[in-house]
Amino acid sequence: MAAASIPITSLPWHHSVSLPSPTTSITVNNDRYFSNHPTILLIKQCSNSKQLKQIHAQMLRNGLFSDPFSASTLVSAFSMSSFQGVDYAHKLFDQIPKPNIYTWNVLIRAYSSSQVPVQSLLIFTRMLYRCDQVLPNKFTYPFVIKAAAELLDMRVGEVLHGMAVKMSLGSDVFILNSLIHFYASCGCLDSAYRVFLNIPVRDVVSWNTIITGFAQGDRPDEAIELFREMQTSLKPDKVTMMSVLTACTKKLDLEIGRWVSNEPKPDAVTFVSTLSACAQVGAIYMGGWIHGYIKKHGVKLSCHLITSLIDMYSKCGDLNKALEVFYSVDDKDVFIWSAMVAGLAMHGHGRDAIDLFKKMQEVNVKPNAVTFTNLLCACSHTGLVEEGRDFFKKMQPVYGVVPGVKHYACMVDMLGRAGHLDEAIELIKAMPMPPLASVWGALLGACKLHGNVEVAEQASSHLLELEPWNHGAYVLMSNIYAKSGKWDKVAMLRKRMKYIGLKKEPGCSSIEVDASFHEFVVGDNTHPQSKRIYAKLNEISEKLKSMGYEPNRSQVLQCVEEEDMQEQALHLHSEKLAIAFGLISLKQAQPIRIMKNLRVCGDCHNVAKLISKLYNKEIFLRDRYRFHHFKAGDCSCKDYWPGSYRKACRKLTSEPLP
DNA sequence: GTAGGGTTAG
């Protein structure tokens, strides 16, 4: 068969595209397969249905449509786009003589989240009655159960539940999670909870689903209780926090409702738990609203509540508000002082944190272990090594606080970051307790900063021994290898990660605009305002170039070879998208507040500094470890955090010792 | 060699 060359002018990436023709074919189980990967790649690159339709026409002409794999890929591609796309996918599906289970599932999935979820169920029954040896599998059930949940059809859901069990799929966690969602949607929280309890190994989604169920079903106390229980075995994620936030809001609503009907007012405990959820997700609007409510209704400000407020404002990026609350109280206990030290620390005001610590002693409040963790953290984040060493040394003899693992981790972090790797290692060796993962993690982080491969290898092997599932360790290690050009080792690590099923946590940034959250991942184009965002990014990029800015390529630590590809990867980091969105959607006087789940990369850090100057805009960026406050071209971290440790070290050594 | 894929919130 000769290659057919057809111009598809509307495809953006080429002026003309040749569809590959099948060059080889083999027969397996009476089915003929063609080797045609390029077609599939082509389909996967399509961004709209017009392009897909053109490819479909071509496939029909050169016989590729009779290849089940190509055809099902096409159906899948159509079903991904809008509702019209699903409709078209359905028509296409009907033209396939013997669809395989994957193709069935594709269509069922597409309908399950469409405007007509009932179609999912209809196609499912069609599949059952066709009797051509295609049976539903573990991928089918989550979709049909989802459709039943959408339709709130109790009977259908129960039947599906029974079928899945009969097919020995009764312990598949995906199916069971879907069932929890189904029963909860139908208002049968007890059935949902029973399913939840029967899951052999519960994952984050299981917990999230049941927590959400209770939160939305007006049983917020149970939701919050489950959230507490969850934390003993699993790390909550973004979805968990949103669900907990819902639960807290509900609780507050219920409390207010009860208060209106002359029952006891919402108490401080309610506010403490709600504020803590706000702090964790960075919901400053909601947090501020609660603070307003507290003031308006004269809720008694206990030390606990004050601590929560300070913590919330600090973690949401409003240090001034946190300080305002702090100074408005006369009688402060050790928790309030410690929270304020932590707030100053995470915003990079190490000196102020130390001053506060001194003031605390002047008024005779005795520091505890938490105070010292925060204090050492402050020293570490600002590079105050001498001070940190001194406090650590005095902890036990002067203040009577025995250093714990956390304090050692802080010290290792501080020393390592400042370049004293040997001293950090000596400290680990001298630890009276076994070093936990946090200690090795700190050492590994320092190795990344200083490009020390040998120590990094040791640290990561200790870390992975303790936490084999820690993908952060793999990513750090592979970045260290990449930085020193050891691409073979990078490849080996990626292979191993894949082998044990670990995935890199995708970078994700969120921004709160008028009380609603907007999230971005790398290269995200799913936001409704996506076009405007990218236009803004281009504008920024032009302006920065004219200022003489060059992207910092060492930040792209994947094996990307082409130069402009690298620039693109940098260009599309989630924090940049969020900043661009902030620029177009906030008023001039409003600062941009962004939260990132990972650490900010050096290039984004530079760009943020430049943008703060260029657009005269304050930017608060909370990353995994701390805050960066960008203003007039500078950052509150004084560049000590991401990459420029040398500068900070030089600054340190030139300063007189205390 | 003949593959691929799922659940939770707003």
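Numbers restart at 1 for each chain; the letters A, B, ... are given by sequence-line order, proteins then strands.
- If you check dA9(B), dT8(B), dG4(B) against the side chain of Y102(A), the one that comes closest is dG4(B).
- Candidate nucleotides dA9(B), dT7(B), dG6(B) were compared by shortest atom distance to the side chain of D203(A), and dT7(B) ranks first.
- Counting to the nearest Å, the C1' atom of dG6(B) and the CG atom of L176(A) are 13 Å from each other.
- A ring pair (Phe, Tyr, Trp, His ring centres under 6.0 Å) check over residues 143-169 of chain A, counting only residues at least two apart or in different chains, returns the pairs H161(A)-Y183(A).
- The distance from atom NE2 of H527(A) to atom P of dG10(B) is 17 Å, rounded to the nearest whole Å.
- Note on K138(A): a base of the nucleic acid sits closer than 4.0 angstrom, heavy atoms only.
- Between the CZ atom of F227(A) and the P atom of dT8(B) there is a distance of 20 Å, given to the nearest Å.
- In the set dA9(B), dG5(B), dT7(B), the nucleotide with an atom closest to the side chain of V205(A) is dT7(B).
- Evaluation of atom-type donor-acceptor distances gives a pair under 3.5 Å for the side chain of T73(A) against the base of dG4(B).
- With hydrogens and angles ignored, the 3.5 Å screen pairs no side-chain donor or acceptor of R202(A) with any backbone N or O of W207(A).
- Distance N177(A) CG to dT7(B) P: 11 Å, rounded to the nearest Å.
- Side-chain N or O atoms of S76(A) include none that pairs as donor or acceptor with a backbone N or O of S72(A) at under 3.5 Å.
- In this structure, the nucleotide among dG6(B), dA9(B), dG4(B) sitting nearest to the side chain of P142(A) is dG6(B).
- Using a 4.0 Å heavy-atom distance criterion, N100(A) is classed as a base contact.
- Considering only side-chain atoms of K146(A), the nucleotide from dT7(B), dA9(B), dG5(B) that sits closest is dT7(B).
- A donor-acceptor pair under 3.5 Å is formed between the side chain of H527(A) and the backbone N or O of Q529(A).
- We find that CZ of R109(A) is positioned 10 Å from C1' of dG4(B), with the value rounded to whole Å.
- Summarising the geometry, the separation between CG on L107(A) and P on dG5(B) is reported as 18 Å, rounded to the nearest angstrom.
- Taking the side chain of T246(A) as heavy atoms from C-beta on, and the options dG6(B), dT8(B), dG10(B), the nearest nucleotide is dG10(B).
- Here dG10(B) presents its C1' atom at 9 Å from CD of E519(A), a figure rounded to the nearest Å.
- Residue pairs satisfying the side-chain hydrogen bond (donor to acceptor under 3.5 Å, both in side chains) criterion with at least one member in residues 163-174 of chain A, sequence neighbours excluded, are absent.
- Stacking between F139(A) and the base of dG6(B) is absent under the criterion of ring centres within 5.5 Å and planes under 30 degrees.
- Using a 4.0 Å heavy-atom criterion, one finds that I175(A) contacts the bases of the nucleic acid, with or without backbone contacts as well.
- Ring stacking is absent between F143(A) and dG6(B), as the pair misses the limits of under 5.5 Å between centres and under 30 degrees between planes.
- Taking only side-chain nitrogens and oxygens, Q216(A) comes nearer than 4.0 Å to OP1 or OP2 of dG10(B).
- Aromatic ring pairs are classed by plane angle as parallel below 30°, tilted from 30° to 60° and perpendicular above 60°; the pair F196(A) and Y193(A) is parallel.
- Regarding Y141(A), its OH atom lies at a distance of 16 Å from the C1' atom of dT7(B), rounded to whole Å.
- Residue S72(A) is classed as a base contact, given a heavy-atom separation below 4.0 Å to a base.
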